[in-house]
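Sequence positions, counted from 1, serve as the residue numbers for this chain. It should be emphasised that the depicted structure is a prediction, and the values quoted were computed from it without experimental measurement.
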Amino acid sequence: MCLSLICCGWMLLVSVFAFGTAAVNHTTTLFVNHGESAKIRCNYSRTDDTEIMIVDLKTLNDIYICSYIHLNSWKKQICKDHIRFIWISEAEEISFELLNLRIKDTGTYTCTLRRVAKPPQVDLGVQRVQVIVYPVLSLSCVKGPDGSPMILCSVEFYHDSLEQLWIRDGDILKSSYSNKSFDGSFSQQSYLTLPPQTFNDTIYSCWVNHSSLNKPLMANVSSSVCYEKGGVTMTVTAVFVMLTVVLTVFLITPVIRKHHKRARQQSVSPVGVSFTPEPILHDNLQSEILYSTLGDHHPVLCSPAIVR
């Protein structure tokens, strides 16, 4: 009798649990590039007696990042800025779109739709999606502590191991040193010191591989670019500017001196020449003899002048 009661109670508990929760569908995996979006569809089976529904989007640690409630229409309860809620009434489709994804957004997301009223509360659908953001590789020219040109290879990725190699014109090299940090995602920085500049241009490549990649990533940079940014071009430019200034001063100085000398000569009156106002002639002086008053010599008899 006791055994029968236990069995009946167990069967009742199983039936209640089966009615109260919906089975989790298989986990879907989405691979997206950095900065792109991922859409998580919430599959569910709506019943005719549904009056109030709530749909939640949670992370793997059961942290709510978006929640909407439906009572005549959908109303937002909480939702982060980079998440967009999508409701298509004709098809009764619900989905969440994760916008502008970063490496740290990699993870497993669960969409749960449940009926709140009429009681009892029932899960209408549970969908789990794993979103993986591909690693990001960047290559740049930097200066070392002593000012020498270097190449920096930076990689952002989400957990798991990462392989990284330096390649010079097809030959595999070793990096000078690397640095790893963790901030919700992983980042690795590797530096390569360049040898003294030669006339030959060399192509350097940073090669990385990760478990989320279908094929390795590789970025290239020319050595001439890093030498220019390392100060060679700046030094040449500075020397050129200095030579231009010196040459300009050398050519303009004689012209300035010549112009200054000419201006000074024009500002001095000739020696022995003085200015005397021209005499005013009147009608009653028409028959008088006029003398020249110019110069240092004695007056010279001039021809009579007729004033008209």
Looking at side-chain heavy atoms only, is the closest gap between [X] and [Y] below 4.5 Å?
X	Y	result
V133	Y158	no
D160	S212	no
I54	Q77	yes
L194	C226	yes
T29	I132	yes
Q188	V208	no
H34	Y134	no
C153	L137	yes

Cluster link W87 to V116, ILVMFWY, side chain under 4.5 Å:
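Hydrophobic grouping puts W87 apart from V116.
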Count I, L, V, M, F, W, Y as connected when their side-chain heavy atoms are under 4.5 Å apart, and connections chain through other members. Are V221 and L173 then in the same cluster?
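V221 and L173: one cluster.
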To the nearest 0.5 Å, tell me how far [X] [atom1] sits from [Y] [atom2].
X	Y	atom1	atom2	result
M150	S148	CE	OG	6.5 Å
C141	E228	SG	CD	9.5 Å
I167	N220	CD1	CG	8.5 Å
Y204	L139	OH	CG	12.0 Å
D105	S185	CG	OG	9.5 Å
W74	S89	CH2	OG	12.0 Å

Under 3.5 Å donor-acceptor, [X] side chain and [Y] backbone:
X	Y	value
D201	S224	yes
R115	P120	yes
T112	D56	no

Between N61 and T59, is there a side-chain donor-acceptor contact under 3.5 Å, judged purely by atom types and distance?
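Judged by distance alone, the side chains do not pair up.
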State, without any angle test, whether N100 and R102 hold a side-chain donor-acceptor pair at a distance under 3.5 Å.
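Short answer, yes.
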List the steps, then state whether side chain to side chain contact (heavy atoms under 4.5 Å, CB included) holds for I203 with S222.
CA-CA 5 Å; I203 302 298; S222 173; 4.0 Å; yes
Using side chain to side chain contact (heavy atoms under 4.5 Å, CB included), reason through H70 and T50 one step at a time and then give a plain yes or no.
CA-CA 10 Å; H70 183 272; T50 299; over 6 Å; no
Please lay out, stage by stage, how L98 and I83 fare under the test side chain to side chain contact (heavy atoms under 4.5 Å, CB included).
CA-CA 5 Å; L98 308 180; I83 299 176; 3.8 Å; yes
Any chance CG of D81 has more than 12 other-residue heavy atoms, nucleotides or ligands included, within less than 6.0 Å?
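No - once you tally the heavy atoms of other residues, nucleotides and ligands closer than 6.0 Å, there are 12 at most.
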Output field: ring centroids F85/F96 closer than 6.0 Å
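Yes: the rings meet the under 6.0 Å criterion.
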I need the minimum non-hydrogen distance between N209 and K215, along with the two atoms involved.
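Looking at all heavy atoms of both residues, the closest pair is OD1-C, 4.5 Å.
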Grab the two heavy atoms, one from W166 and one from Q164, that are nearest each other, plus how far apart they are.
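Minimum heavy-atom separation between W166 and Q164: NE1-NE2, 3.5 Å.
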Could you go step by step and tell me if H210 and V155 meet the side chain to side chain contact (heavy atoms under 4.5 Å, CB included) rule?
CA-CA 10 Å; H210 188 256; V155 187; over 6 Å; no
Can you see whether Y64 has K58 sitting over its ring - NZ or CZ less than 6.0 Å from the centre and within 45° of the normal?
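Yes.
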